[in-house]
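Counting starts at 1 for both ligands and their atoms, following the listed order.
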Amino acid sequence: MKPKIFVTRKIYTEVLLELKKNCEVEIWDQEDVPVPRHILEEKIPHIDGLYCLLTENIDKKLLDEAKNLKIISNMAVGYNNIDISAATEKGILVTNTPGVLTETTADLTFALLMATARRIIEADRYLKEGHWKTWSPNLLTGQEIHGSNLGIIGLGEIGIAVAKRAKGFNMNILYYNRNRKHEVESSLGIHYADLNSLLKQSDFVCVLTPYTPETKNLIDKEQLRMMKKSAILINTARGGIVNENALYDALTSEVIWGAGLDVFEEEPVSLKNSLLALPNVVVLPHIGSASLNTRMEMARMAACNILQALNGEVPQNLINKELACT
Ligand code: NAP
C-alpha cells in the first residue's frame, strides 16, 4: 500500500505527479486560501506525510492527533510555524528547503533596500499621479547606498549573499551573528560587531536571523533608539523579530529614517496596520523567494524530502537531526 500524504496547497503539476507516482496524495488545491485548521485536524490522524507551507501552524495540539505521521516537509527555509520539539518527541522528521532560495531572497533584500533608500515606490506614484512639474533640487531625495555602512544581523546563507551584493556597491559591511564567522570575515572583508555597535554604526540594518524565542523582538524600542536618525531598517526574515509598535514609533518620531518590510507579525498584514500608512515604509507581501525558478526548486526539494523519508532514508534537509540516529 502506498503511503498517504496531504499537500496543503496547490503545487506545480510536475511535482504533484512525482508525489503521486509513489504516494496516495490528497491536496488542498486552492491557490490563495490556506487550508482551514479543521481540515488539517481531520487529515492529520490518517496520513504518513505532510507537505506544508509556512502558512500552516503545526503545533503540539495538532501533532497530538497524528497517529502515523513520519515526516513534515515544509516548503520554506524558515520553520517557525512548526513545533520542532513536539515533532521530535513523537519521532516525526521535519525538513525545510534551504539553499535554493538564498540568492533569490538576497536579490529581493537588496531590491527592498534600494527601493526604500531611493524612494522608488513613492517616486513612481508621484509621477503617475501627475505631481511632476519640474526637475527640482530637493525632489524625492533619499539616502546614499554606495559607500555606506551595512549592518547584517544573522550572517547565514542569505546574510552572506546580501553581503556579496553589498560589496559591489562598495559598502562597508558589519555583521552580528550568534557565532562569529572568521572565514567569511576574511574572504569577504567584512567585520564582526556586537549588536549595539552594529546598530550605532550602520546606515542600513538588515535583519536575517530565523524567528526563534531568542530573536523575538530582537529589534525593539531600545535597539531602534541606538540607530542613526538617517538609518533604514530592512526586514526580510520574519515579522516577530522586529517589534512593529516600536518600529512605528521610531518612524513617526524621526528616530530612524525609513524601513523596508517583506514580513509582518501577522500575515497577511491587516490594512489597518499603521505602518502601511507611512510614506517612509516600503512594504511587500512576503515575496522574498518569489521567482518562478526558485519556487519550482523549493517545491521539488520539499517533494524529495518527503519521498526520501517515506522510503526509509534520512531526508537531505532534516532539521531535527537527532532523529537520524534512531
Ligand atoms: P541560515 O543560513 O540558517 O542563517 C541564519 C543565521 O542567523 C545563522 O547565521 C545563525 O547563526 C543566525 N542566528 C540564529 N539565531 C541567532 C541569534 N539568536 N542571534 C544572532 N544570530 C542568530 O538561514 P537563511 O537561509 O539565511 O535564512 C534566514 C531566515 O530568513 C530564515 O530563517 C527565514 O525565516 C527567512 N527567510 C525569509 C524569506 C522571505 O521570503 N522573506 C525567504 C527565505 C528565508 P548560526 O551560524 O549560529 O546558526
Side-chain angles (χ1 to χ4, degrees), residues 53-57 74-82 84 94-113 115-116 151-166 173-185 188 190 192-199 202 205-220 223 233-242 259-269 282-295 297-299 301-302 316-321:
L53 311 183
L54 53 81
T55 42
E56 278 77 65
N57 179 20
N74 210 32
M75 195 187 123
V77 68
Y79 46 84
N80 51 292
N81 57 313
I82 302 170
I84 302 292
V94 183
T95 58
N96 66 342
T97 60
V100 286
L101 42 57
T102 299
E103 299 297 332
T104 306
T105 309
D107 286 345
L108 190 279
T109 304
F110 218 81
L112 186 53
L113 180 155
T116 312
I152 298 174
I153 302 177
L155 193 79
E157 294 214 32
I158 301 169
I160 292 171
V162 169
K164 286 180 181 162
R165 283 154 180 75
I173 304 161
L174 299 171
Y175 79 96
Y176 165 71
N177 198 69
R178 190 168 50 178
N179 296 303
R180 203 166 157 179
K181 305 201 168 168
H182 294 280
E183 268 182 33
V184 185
E185 281 175 38
L188 288 184
I190 66 177
Y192 176 81
D194 61 53
L195 182 58
N196 293 354
S197 350
L198 178 146
L199 293 167
S202 299
V205 172
C206 277
V207 178
L208 281 165
T209 64
Y211 182 45
T212 63
E214 293 76 46
T215 62
K216 182 174 182 191
N217 289 339
L218 184 68
I219 304 299
D220 213 326
Q223 289 68 35
L233 179 80
I234 302 294
N235 187 5
T236 48
R238 285 290 183 270
I241 305 169
V242 177
L261 308 171
D262 183 42
V263 287
F264 297 86
E265 282 171 8
E266 201 186 296
E267 294 184 3
V269 65
V282 176
V283 288
L284 300 174
H286 202 148
I287 55 164
S289 63
S291 75
L292 292 169
N293 283 347
T294 292
R295 287 289 164 81
E297 286 307 312
M298 289 165 70
M301 187 178 255
Q316 204 183 343
N317 308 109
L318 185 62
I319 292 160
N320 41 2
K321 293 198 172 18

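Of all the atoms in ligand 1, the ones that sit under 4.0 Å from a non-hydrogen atom of His286 are 39 (C), 40 (O), 41 (N). The distance from ligand 1 to the heavy atoms of Ser289 drops below 4.0 Å at these ligand atoms: 40 (O). Annotation for ligand 1: atoms under 4.0 Å from non-hydrogen atoms of Leu155 are 9 (O). Atoms of ligand 1 lying under 4.0 Å from at least one heavy atom of Tyr176, given by number and element, are 20 (C). Every atom of ligand 1 is numbered from 1 in the order shown, and the set under 4.0 Å from a heavy atom of Val77 is 25 (O), 31 (C), 43 (C), 44 (C). For ligand 1 and Gly154, the ligand atoms under 4.0 Å from any heavy atom of the residue are 7 (O). Interface atoms of ligand 1 facing Thr209, defined by a heavy-atom separation under 4.0 Å, are 7 (O), 21 (N), 22 (C), 29 (C). Here is the list of ligand 1 atoms found below 4.0 Å of a heavy atom in Thr236: 36 (N), 37 (C), 38 (C), 39 (C), 41 (N).
The closest approach between a heavy atom of Thr105 and any atom of ligand 1 is below 4.0 Å. Taking a 4.0 Å cut-off on heavy atoms, Tyr79 fails to register as neighbouring ligand 1. Not close to ligand 1: Pro98, with no non-hydrogen atom less than 4.0 angstrom away.
Of the candidates Ala237, Gly288, Gly78, Ala237 brings a heavy atom nearest to atom 35 (C) of ligand 1. Of the options Thr109, Ile158, Leu112, Ile152, the smallest heavy-atom separation from atom 24 (P) of ligand 1 is shown by Ile158. For atom 46 (O) of ligand 1, the choice among Arg238, Arg178, Lys181, Arg180 with the nearest heavy atom turns out to be Lys181. Of the options Thr104, Asn177, Ile153, Val207, the smallest heavy-atom separation from atom 9 (O) of ligand 1 is shown by Asn177.
Here the straight-line distance linking atom CD1 of Ile152 with atom CG of Leu174 works out to 9.0 Å at 0.5 Å rounding. Ile158 CD1 to Asp107 CG: the interatomic distance, rounded to the nearest 0.5 Å, is 11.0 Å. With rounding to the nearest 0.5 angstrom, the CD atom of Glu56 is 7.5 Å from the CG atom of Asn81.
Contact annotation for atom 4 (O) of ligand 1: protein present (non-hydrogen atoms, distance under 4.0 Å). Less than 4.0 angstrom separates atom 40 (O) of ligand 1 from at least one non-hydrogen atom of the protein.
Look at Glu265 and Arg238 and you find no salt bridge, because none of the NZ, NE, NH1 or NH2 atoms lies under 4.0 Å from a carboxylate O. By the 4.0 Å N-to-carboxylate-O rule, Glu103 lies close enough to Arg165 to be salt-bridged with it.
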Report task. Please assess Arg178 against Glu214 for the test salt bridge (Lys or Arg N to Asp or Glu O under 4.0 Å), listing each intermediate value before the final yes or no. Result -> CA-CA 10 Å; Arg178 190 168 50 178; Glu214 293 76 46; 5.4 Å; no
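For the pair Thr212/Asn80, no side-chain contact is recorded, criterion being any heavy-atom separation below 4.5 Å from C-beta on.
Between Leu208 and Ala237, the shortest heavy-atom contact is CA-CB, 3.9 Å.
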